[in-house]
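So the structure is just underneath, and the comments pick up after that.
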Number of protein chains: 2
Amino acid sequence: MISQTMEDYLAAIYRVEGPTHRATTGAVARRLGVSAASASAMFHKMADSGLVRYREYLGVTLTASGRLQATQIVRRHRLAERFLTDMLGIGWERVDKVADQMEHALPEEVTESFARVLGDAARCPHGYPIPSTSGEVAVRETVSLAELATGGGGQVAWVSEDDPVVLATLARRGLVPGAEVHVLVGAPGAKRRVVQVEGRAAVSLQMGLLQAVAVEVAMDARP
Amino acid sequence: MISQTMEDYLAAIYRVEGPTHRATTGAVARRLGVSAASASAMFHKMADSGLVRYREYLGVTLTASGRLQATQIVRRHRLAERFLTDMLGIGWERVDKVADQMEHALPEEVTESFARVLGDAARCPHGYPIPSTSGEVAVRETVSLAELATGGGGQVAWVSEDDPVVLATLARRGLVPGAEVHVLVGAPGAKRRVVQVEGRAAVSLQMGLLQAVAVEVAMDARP
DNA sequence: AACATGGTTTAGAGACGACTAAATCATAGG
DNA sequence: CCTATGATTTAGTCGTCTCTAAACCATGTT
Ligand SMILES: [Mn+2]
Ligand SMILES: [Mn+2]
Ligand SMILES: [Mn+2]
Ligand SMILES: [Mn+2]
């Protein structure tokens, strides 16, 4: 049996480590709101349990076993979120916190019931892919709205989900997964940029909001 | 903030202490699968937090504050159970364990959404009353099938929910909340008794099963 | 009235997961 | 190539919850 805490570390590592990237102590600690010392100690225990490979001072990588368990936790998390928004009508800015608890409570049978009644949803309400039971995920190449080339645009793939205030603002601006968006004014990395969503009037958004939006650039517009 | 462990103690005390009965260290410890020493230590902390009154060697009683919080945990637990059986089709012998986790994860908003989509259910799948938001419960006078007078009968009010095997057996025998049941043969307290459910053929049940069934005796047949 | 018994509390200790402060390492700039 | 800097690890504690073993108390029996 794996502790709830260790499950949270697993999911955090999964989300931090990109396809190439290693999950560093600091990045995981930051995501979990925990000191780097605590993360370091936990990395040792997880390595002993065969969940990660740990190269000191460099960070961890999930093993096959660790990766499979991580995807299952993330699957439970995102299915729970979908359920909360779709079936209970809870606002998307509040579901992450609840799902963060539920992800540890749902046995296989309940998880798959969720999937069934939700029609095998492919994404969480924030746009992130829901891993399959075997751990596969649909990968998409994205660029944050902050870094997108001026004049460029695409479809919103997902939005960062950890700040409820940001989420509420994004929803009000129409910046939800699936929306078409274009950058009209402002260089990549600028403090503010003017963007246009679908048929709406253009709005100026600041850094924090821009960084929270991941855009899938149209095939022919890739850098 | 109150710990998940303390919440479990609160609910256990609530369920152990009858209208008159005091919740004793041993009874609470047994219900939580914990040593008496652990329960004793926790009682001190809960008394310090104003959740219970503690009379050493005699047990605890919930304070007004403790009782209110306990009913809210039990409300979440039982609504979660109803949701799992009614909306997801999970078997009633498995829902208690899942609800035991979910009861700590559901904020007010989600709990009341459950209540709404369930049409303000009055009982959990095992027949226990669901406390209202203000903590009120419908009281019913019951006698266990083991103690019911020979020849007597009534309506099944609720069944003990902690043993999945017992629950599965009871369901197979038709001994579910609402069923009419009569004791045909066997003295109160006997190892086995013959009972009849609704229109079914009479069956002989052993102690363990008999004790698990609480029967509401018809008004005119009260002892 | 004394005592035996069983339940309860205390004593002592361990697992887990968090923290701060201090030491250590990797690496980018000079 | 060397060093300054920032990230990481270690050392030392703490809080929470658990346990077993031993001491203690309330109770009913003799
Ligand atoms: Mn979590
Ligand atoms: Mn999400
Ligand atoms: Mn619980
Ligand atoms: Mn129940």
Side-chain angles (χ1 to χ4, degrees), chain A residues 1-18 20-62 66 69-70 73 97 100-101 103-105, chain B residues 1-13 15-18 20-62 66 69-70 73 100-101 103-105:
Chain A
M1 263 299 108
I2 177 173
S3 78
Q4 178 159 323
T5 304
M6 210 179 265
E7 287 194 343
D8 279 331
Y9 274 91
L10 264 185
I13 292 166
Y14 174 82
R15 299 222 28 196
V16 165
E17 83 168 10
T20 71
H21 263 212
R22 208 190 297 266
T24 105
T25 304
V28 172
R30 211 160 320 123
R31 170 168 280 267
L32 290 173
V34 116
S35 77
S38 302
S40 181
M42 183 57 82
F43 283 0
H44 278 111
K45 284 204 300 188
M46 294 177 78
D48 290 347
S49 309
L51 296 171
V52 300
R53 256 174 301 279
Y54 184 19
R55 298 202 42 196
E56 300 200 335
Y57 292 98
L58 297 180
V60 290
T61 318
L62 291 167
Q69 293 190 60
I73 295 156
K97 213 174 82 198
D100 238 317
Q101 289 296 122
E103 66 191 1
H104 310 289
Chain B
M1 261 301 107
I2 176 172
S3 77
Q4 176 158 323
T5 304
M6 210 179 266
E7 287 194 343
D8 279 330
Y9 274 93
L10 265 185
I13 293 166
R15 300 222 28 197
V16 165
E17 85 168 9
T20 69
H21 263 214
R22 206 190 296 268
T24 122
T25 304
V28 172
R30 211 160 342 176
R31 171 169 279 268
L32 290 173
V34 118
S35 76
S38 301
S40 182
M42 184 57 83
F43 283 179
H44 278 112
K45 284 204 302 188
M46 295 176 77
D48 290 347
S49 309
L51 297 169
V52 300
R53 257 174 301 278
Y54 185 18
R55 299 202 41 197
E56 299 199 337
Y57 291 97
L58 296 180
V60 290
T61 319
L62 291 166
Q69 293 191 59
I73 295 156
D100 238 316
Q101 290 295 121
E103 67 191 359
H104 311 289

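Since the structure is predicted, the reported quantities are computational estimates derived from the model, not experimental observations.
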Integer-rounded Å distance: [N] [atom2] and [X] [atom1]:
X	N	atom1	atom2	result
Glu7(A)	dG17(C)	CD	C1'	15 Å
Glu56(A)	dT24(C)	CD	C1'	11 Å
Ile2(A)	dA15(C)	CD1	C1'	17 Å
Leu32(A)	dC19(C)	CG	C1'	15 Å
Gln4(B)	dC16(C)	CD	P	18 Å
Met46(A)	dT9(D)	CE	C1'	17 Å
Tyr57(B)	dG6(C)	OH	C1'	13 Å
Arg55(A)	dA26(C)	CZ	P	10 Å

Under 4.0 Å between any heavy atoms, over every strand shown, what does [X] touch: base, sugar-phosphate, or nothing? Just pick one.
X	answer
Tyr9(A)	sugar-phosphate
Thr25(B)	sugar-phosphate
Thr5(A)	sugar-phosphate
Phe43(A)	nothing

[atom1] of [X] to [atom2] of [Y]: how many Å apart, nearest 0.5 Å?
X	Y	atom1	atom2	result
Thr5(A)	His104(A)	OG1	NE2	8.0 Å
Met42(A)	Lys45(A)	CE	NZ	4.5 Å
Leu62(A)	Met46(A)	CG	CE	7.0 Å
Thr25(A)	Arg30(A)	OG1	CZ	10.5 Å

What nucleotide among [options] has an atom nearest to a side-chain atom of [X]?
X	options	value
Lys45(B)	dA18(C), dC17(D), dT8(D)	dC17(D)
His44(A)	dA18(C), dT10(D), dG17(C)	dT10(D)
Ala36(B)	dT9(C), dT20(C), dT18(D)	dT9(C)
Leu58(A)	dT9(C), dT20(D), dA26(C)	dA26(C)

Under 4.0 Å between a side-chain N or O of [X] and OP1 or OP2 of [N]?
X	N	result
Ser3(A)	dC16(C)	no
Ser38(B)	dC19(D)	yes
Ser40(B)	dT9(C)	yes
Ser35(A)	dC19(C)	yes

For this session: State, to 0.1 Å, how close Ala23(A) and Ile13(A) come at their nearest heavy-atom pair, and which atoms those are.
Result: CB-CG2, 3.8 Å

Exercise. More 5' along DNA chain C: Met42(A) or Ala37(A), using each one's nearest nucleotide?
Worked result: Met42(A)

